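One structure is given below, encoded as structure tokens.
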Amino acid sequence: MRNLITLFDLQPDDIREIFERARILKSECRNGERKPLLAGRVLTQVFQKPSLRTRLSFEAAMIQLGGGAIFVSNKDAGLEGREAAADVARVIGGYSDVIVLRTFEQSLIEEFASCAGCTVVNGLSDESHPCQALTDLFTMEEALGKLSGRKLVYVGDGNNVARSLARACAMLGVSLAIAAPAKYQLSAECLKQIQDRFPSADITQHVDPESAVQDADVVYTDVWASMGQEDEKDQRQAIFADYQVNAALMSAAAPGAKFMHCLPARRGLEVTDDVMDGPASLAFPQAENRMHLAKGLLAWLLADD
Ligand code: CP
Ligand code: NVA
């Protein structure tokens, strides 16, 4: 049984296969063709945090693939103390072929994976956001062609999205530079885990955003305060003030560089309107691709069972 808890659950060839499935399914979808590859299969989503893209993209993906999708809030699932998480996982697993979970703790996703008896997918935790990073590199390949040798520069908080991007870049031969205040960069342990698995990974960390974006094919950013960090919002706004992706920073990247954002964006903070809505922005194709990638992923996870 396949799970996606972190990107380390996949091999680089698995990612290429998921991308190929997503690419074919996207092109078929554009031509009005929707093959019921997962007819009769059930996706259940349990989210402890809000979501627009992740929840809807998985629901739409499952509907288009001929299966069904159920959404359960944290409260309704009983994860706020009504019963043990392991019991909830076993019950949901009895009704489902795949569970997508959005949590604070990564350990809750791991617990589901060990108890549910069905496929479990990380739909974002404080630790990582693997489905986002897969979509991001799929979108980057669509826009730029061959990924290997490209340079992605992530400007902002070294958070769940940055961690998954670092793993995905290492797996697909993309150089990654992270520009963040020293305290907000990826930990040495996170980098070591990547380097141990993928010794040729090219990941550098910088404090100065302008020097980091030199030669960038893509400049990427995310919110400065993630879900669960609402209390730190004002403090972080001051700390990250010099890390805004604006026209001046984009002009320090390679000519023709693209802009990416996982969304939701705080316009006027980590990114300006002109960059978000400008010709270099891939933010909305990225959001649409969440669904195409989810279809490729679900097909890869379940279709050959
Ligand atoms: N990018 C992303 O995961 O968006 P949501 O939080 O809306 O799901
Ligand atoms: N880092 C953000 C990503 C949202 C998709 C968060 O965790 O809130």
Side-chain angles (χ1 to χ4, degrees), residues 2-10 15 18 22 43-62 69-75 77 79-80 85 88-89 92 96 98-113 116 119-139 154 156-169 184 186 190 220-230 232-233 236 260-266 270 283 286-298 301:
R2 289 164 165 173
N3 290 320
L4 177 54
I5 298 167
T6 82
L7 286 174
F8 293 145
D9 290 323
L10 305 177
I15 299 184
I18 292 164
L43 161 82
T44 303
Q45 303 202 80
V46 186
F47 282 26
Q48 296 186 309
K49 296 173 176 171
S51 170
L52 178 67
R53 283 143 288 266
T54 305
R55 174 183 172 178
L56 295 188
S57 63
F58 271 105
E59 281 188 19
M62 205 59 184
I70 301 169
F71 179 79
V72 196
S73 72
N74 189 40
K75 190 162 173 276
L79 287 169
E80 287 174 339
V88 175
I92 296 177
S96 312
V98 52
I99 302 173
V100 176
L101 279 171
R102 171 165 287 198
T103 66
F104 293 92
E105 300 290 333
Q106 180 82 355
S107 58
L108 181 58
I109 302 179
E110 287 161 6
E111 191 173 3
F112 262 67
T119 290
V120 170
V121 173
N122 177 350
L124 181 146
S125 67
D126 289 350
E127 200 276 331
S128 53
H129 198 3
C131 301
Q132 182 67 52
L134 289 176
T135 305
D136 297 337
L137 291 207
F138 175 78
T139 306
Y154 177 94
D157 187 24
N159 60 16
N160 44 7
V161 168
R163 245 172 252 122
S164 289
L165 272 176
R167 292 169 189 153
C169 286
Y184 295 84
L186 295 186
C190 171
Y220 192 120
T221 191
D222 183 16
V223 290
W224 295 334
S226 286
M227 291 179 279
Q229 297 173 330
E230 290 78 8
E232 296 173 39
K233 194 168 70 62
R236 282 170 170 267
M260 297 181 80
H261 194 310
C262 57
L263 305 182
R266 298 281 177 194
E270 78 273 5
Q286 255 176 292
E288 184 194 323
N289 277 340
R290 288 296 305 273
M291 180 187 74
H292 302 299
L293 194 284
K295 288 171 74 177
L297 176 65
L298 289 169
L301 288 166

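None of these values were measured; they are calculated from a predicted model. Along the sequence shown, residues carry numbers from 1.
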#### Entry: Step-by-step salt bridge (charged side-chain N to carboxylate O under 4.0 Å, His left out) determination, Glu232 to Arg236
CA-CA 6 Å; Glu232 296 173 39; Arg236 282 170 170 267; 2.8 Å; yes
### Task
Apply salt bridge (charged side-chain N to carboxylate O under 4.0 Å, His left out) to the pair Arg167 and Glu127, showing each step before the final yes or no.
CA-CA 12 Å; Arg167 292 169 189 153; Glu127 200 276 331; 2.6 Å; yes
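Counted by atom type alone, Thr139 and Gln286 present zero donor-acceptor pairs between their side chains at under 3.5 Å. No side-chain donor from either of Ser226 and Asp157 sits under 3.5 Å from a side-chain acceptor of the other.
For the residue pair Ala77 and Val72, the shortest heavy atom distance occurs at N-CG1, 3.5 Å. Pairing each heavy atom of Glu270 with each of Arg266, the nearest pair is OE2-N, 2.8 Å. Counting all heavy atoms, side chain and backbone alike, Asn3 lies closest to Ala113 at ND2-CB, 4.0 Å. In terms of heavy-atom proximity, Phe112 sits nearest to Ile92 at CE2-CD1, 4.3 Å. Taking both residues in full, the closest heavy atoms of Val100 and Gly123 are given as CG1-CA, 3.9 Å, listed atom of the first, atom of the second, then distance. Smallest separation of non-hydrogen atoms from Ala22 and Leu293: CB-CA, 4.0 Å.
Side-chain contact check for Ile18 versus Leu10: some heavy-atom pair is nearer than 4.5 Å. Looking at Leu124 and Phe47, their side chains never come closer than 4.5 Å, going by heavy atoms from C-beta outward. Using a 4.5 Å cut-off on side-chain heavy atoms (C-beta onward), Arg290 and Leu56 make no contact. A 4.5 Å side-chain heavy-atom check between Leu4 and Leu134 finds at least one atom pair inside the cut-off.
No donor-acceptor pair under 3.5 Å is formed between the side chain of Asn289 and the backbone N or O of His292. In this structure, the side chain of Glu230 engages the main chain of Gly228 through a donor-acceptor pair within 3.5 Å. Although no hydrogens or angles enter the test, the distance criterion places no donor-acceptor pair under 3.5 Å between the side chain of Asn160 and the main chain of His129. Between the side chain of Arg2 and the backbone N or O of Thr119 there is no donor-acceptor pair closer than 3.5 Å. Counting only distance, with no hydrogens or angles, the side chain of Glu59 and the backbone of Ala69 share no donor-acceptor pair below 3.5 Å.
In this structure, OG1 in Thr6 is found 8.5 Å from CD in Glu110, a value given to the nearest 0.5 Å. For the atom pair Ser164 OG and Asn159 CG, the distance stands at 9.0 Å (nearest 0.5 Å). Between atom CE of residue Met260 and atom CD of residue Gln132 there is a gap of 8.0 Å, rounded to the nearest 0.5 Å. Expressed to the nearest 0.5 Å, how far OH of Tyr220 lies from CG of Asp136 amounts to 3.5 Å.
Of the residues listed (Thr103, Asn74, Thr54, Asp126), the one engaging Lys49 in a side-chain hydrogen bond (donor to acceptor under 3.5 Å, both in side chains) is Asp126, and it is the only one.
In this structure, Arg55 is positioned above the aromatic face of Phe71, its NZ or CZ under 6.0 Å from the six-membered ring centre and within 45° of the axis.
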